[in-house]
Amino acid sequence: MSLTYSAERQVAIAAVRRACVLTDSVFNKLVRNETLTKDDKSPVTVGDFSAQAVINTILGRTFPQDPIVGEEDSADLRTESGASLRARVVELANEALRADLRTGEKEEWGLGPKYTYSAEDLMETIDRGNYAGARSGRMWTLDPIDGTKGFLRGEQYAVCLALIVDARVELGVIGCPNLPADAADPTGARGSLFVAVRGQGAYQLPLADPLAESVLQNRLVIPAFAQDELNLLESVEKAHAKLSFNERVARLLGITRAPTRMDSQAKYCALARGDGGVYLRMPTGVGYKEKIWDHAPGSVLVEEAGGIVTDSRGEPLDFGLGRTLGENYGVVAAGKAAHGKVLEAIRLAKQEEDEHKL
Ligand SMILES: Nc1ncnc2c1ncn2[C@@H]1O[C@H](COP(=O)(O)O)[C@@H](O)[C@H]1OP(=O)(O)O
Ligand SMILES: [Mg+2]
Ligand SMILES: [Mg+2]
Ligand SMILES: [Mg+2]
C-alpha cells in the first residue's frame, strides 16, 4: 500500500494557516503599533507560544498518537512572572482556534466557537512538543515562528511543520505570511503557503484559503539555471551563518549576482519556486547544532521540486538523531544541475581558507 498522507496534508495546511493568521495579527497588534525597545523580544515570544499551542491542539485532536518535536515549551509561561504572557497566549490561541471554520476544516479537529481552551489545556498542549526525536516511528516537527529576527523586522518569517516517518521527511508545510505570492511582483499581494508530500510534488497555495482548491495547481520545479543566473540564498543574520565563506563560494562558482538575504525557511520556498538558485548555510564555528524543525519542511519541499539537499560535505541530513541534525555540517540545497558544483566549490573554498591560515 502506498501512503498518500492526504489527511495529514489537509490537517497540516489548516493548522499552519491558522497559526499564520495568529502571528500576522500579533505583528499588527504588538510590533507595528507599540513602541518597543530595540531588544524587546516579547511579541515574538507571545507569537511563538500561541502558534505552537494552536498547531499542537489540532495535531493532538487529529493524530493523538503522534509525538511532536516542537521548538518551544511552557516553562516560561508557568512561572509567576510569566502570568501576563500566559494570559496573552490563552487569549490569542483561543481566538485562533475558535475562529469560524474554513473550507476543508472540521469541527472535530477542535476548531470553531464551540471550544474554549483553558491555560492548563494550552500549556499541556504546548508541552506535547517535548518529544526527543527518534530514528523510527512517526513524529511531527514544528517551528511555530522560524526567523524570529525577520518577524520583528516585518520581513520574512515562516510557520513550519513537517511529518517525519522513520527519519525520513514525508510531508512539509511552510506558511510565509510576508512572502509575495508572485516572486516577479515583489510589491504585490503577500502570503504564500508551500506544501510537499514525498513522491507527490511541491506546490504553492494562497495562504488566505489554501484548502479551497480541490485540485492542486502551481506545481513547483526548480529550473536548470545558467551559471550567470545563479545566486545564493542566505541568512540576514551574521550570527546564523558564515557569510564570508558564502562570498568565497560564490566567487569560485563564477556567480556575479548579489546574494538574496532572507530570514527563515522562506529561503527554501524561494529556491523551490525558482527564485534564487542555491541555499547555502555554513556554520559560524561556535558549535551551534542545527535543529530538525529548521530544515525538515524545507528539505522535502526542495527535493519534491526536483532539488537536492545535503550538508556541506554532501552527506544527507539526518533527521533520526533527536532534536538536532547532530553531525551534519552546514546545509546546501540547490537544483540537480547546480548542487554538485556547489559542493565542489565548498571543497575548494575550504582549501583556500586553510591555506590562508598556514
Ligand atoms: N547561532 C545560530 N546559528 C544558526 N542558526 C541559528 C542560531 N541561532 C538561532 N538560529 C536559528 O536559525 C534560524 C534562522 O536562520 P536564518 O538566518 O536562516 O533565518 C532560526 O531557526 C533561528 O531560530 P528561530 O526559529 O528561533 O528564529
Ligand atoms: Mg527556526
Ligand atoms: Mg522558531
Ligand atoms: Mg527560537
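Whatever order the structure lists ligands and atoms in, that order sets their numbers, starting from 1. These values consider heavy atoms only, across backbone and side chains, with no hydrogens, waters or symmetry-generated copies.
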If the threshold is 4.0 Å, N to carboxylate O, is there a salt bridge linking R323 and E71?
no

For E71, what is the atom name of its N, O or S atom nearest to the Mg ion (ligand 4)?
OE2

Tell me whether I145 reaches ligand 1 (any heavy atom closer than 4.0 angstrom to a ligand atom).
yes

Less than 4.5 Å apart, side chain to side chain, heavy atoms only: is that true for T116 and N94?
yes

Of all the atoms in ligand 1, which lie at a distance below 4.0 Å from a heavy atom belonging to D263?
19 (O)

What residue and atom, counting heavy atoms only, is the protein's closest point to atom 1 (N) of ligand 1, and at what distance?
A239 O, 3.5 Å

Considering non-hydrogen atoms of the protein only, which is the closest contact for atom 20 (C) of ligand 1, and what is the distance?
D146 OD1, 3.3 Å

What protein heavy atom sits nearest atom 12 (O) of ligand 1, and how far away is it?
R281 NH2, 3.1 Å

A cation-pi test, strictly: NZ or CZ of K149 under 6.0 Å from the centre of the six-membered ring of Y157 and no more than 45 degrees from its axis. Yes or no?
no

Cluster question for you: counting only ILVMFWY and a side-chain heavy-atom cut-off of under 4.5 Å, with indirect links fine, are V21 and V90 together?
no

Think R168 forms a cation-pi with F319, using NZ or CZ under 6.0 Å from the six-ring centre and within 45 degrees of its axis?
no

Need the atom name: nearest N/O/S atom of D294 to the Mg ion (ligand 2).
OD1

Test R78 against D127 for salt bridge (Lys or Arg N to Asp or Glu O under 4.0 Å), laying out the working first.
CA-CA 11 Å; R78 291 181 188 273; D127 289 337; 3.5 Å; yes

Answer yes or no: is there a donor N or O on one side and an acceptor on the other, between the side chain of Q52 and the main chain of F49, under 3.5 Å?
no

For a quick test of reading the model, state the closest non-hydrogen atom pair linking E234 to L280 and the distance between them.
CB-O, 4.1 Å

Please report whether ligand 1 has a polar contact with E237, defined as an N or O pair separated by less than 3.5 Å (distance criterion only).
no

Give the name of the N/O/S atom in D143 that lies closest to the Mg ion (ligand 2).
OD2

Looking at ligand 1, is there an atom of it that comes within less than 4.0 Å of some heavy atom belonging to K267?
yes

For atom 25 (O) of ligand 1, what's the nearest protein heavy atom and its distance?
D143 OD2, 3.2 Å

Nearest protein heavy atom with distance in Å, relative to atom 21 (O) of ligand 1:
D294 OD1, 2.6 Å

Cationic N near anionic O, under 4.0 Å, K350 to E352:
no

Return the closest protein heavy atom for atom 10 (N) of ligand 1 as residue, atom name and distance.
Y288 OH, 3.3 Å

Are there over 12 heavy-atom neighbours, none belonging to E120, within less than 6.0 Å of that residue's CD?
yes

Name the closest protein heavy atom to atom 22 (C) of ligand 1, giving the residue it belongs to and the distance to 0.1 Å.
H240 CE1, 4.1 Å

Atom indices of ligand 1 within 4.0 angstrom of S235 heavy atoms, with elements:
16 (P), 17 (O), 18 (O)

Is the count of non-hydrogen atoms from other residues, nucleotides or ligands lying under 6.0 Å from E247 atom CD greater than 12?
no

For S264, is at least one N or O under 3.5 Å away from an N or O on ligand 1?
yes

Counting backbone and side chain alike, does D146 bring an N/O/S atom below 2.8 Å of the Mg ion (ligand 2)?
yes

Any idea which protein heavy atom is nearest atom 26 (O) of ligand 1, and the distance to it?
E71 OE2, 3.2 Å

R9 side chain vs V195 backbone, donor-acceptor pair below 3.5 Å:
no

Say whether G147, considering both its backbone and side-chain N or O atoms, lies within less than 3.5 Å of an N or O atom on ligand 1.
yes

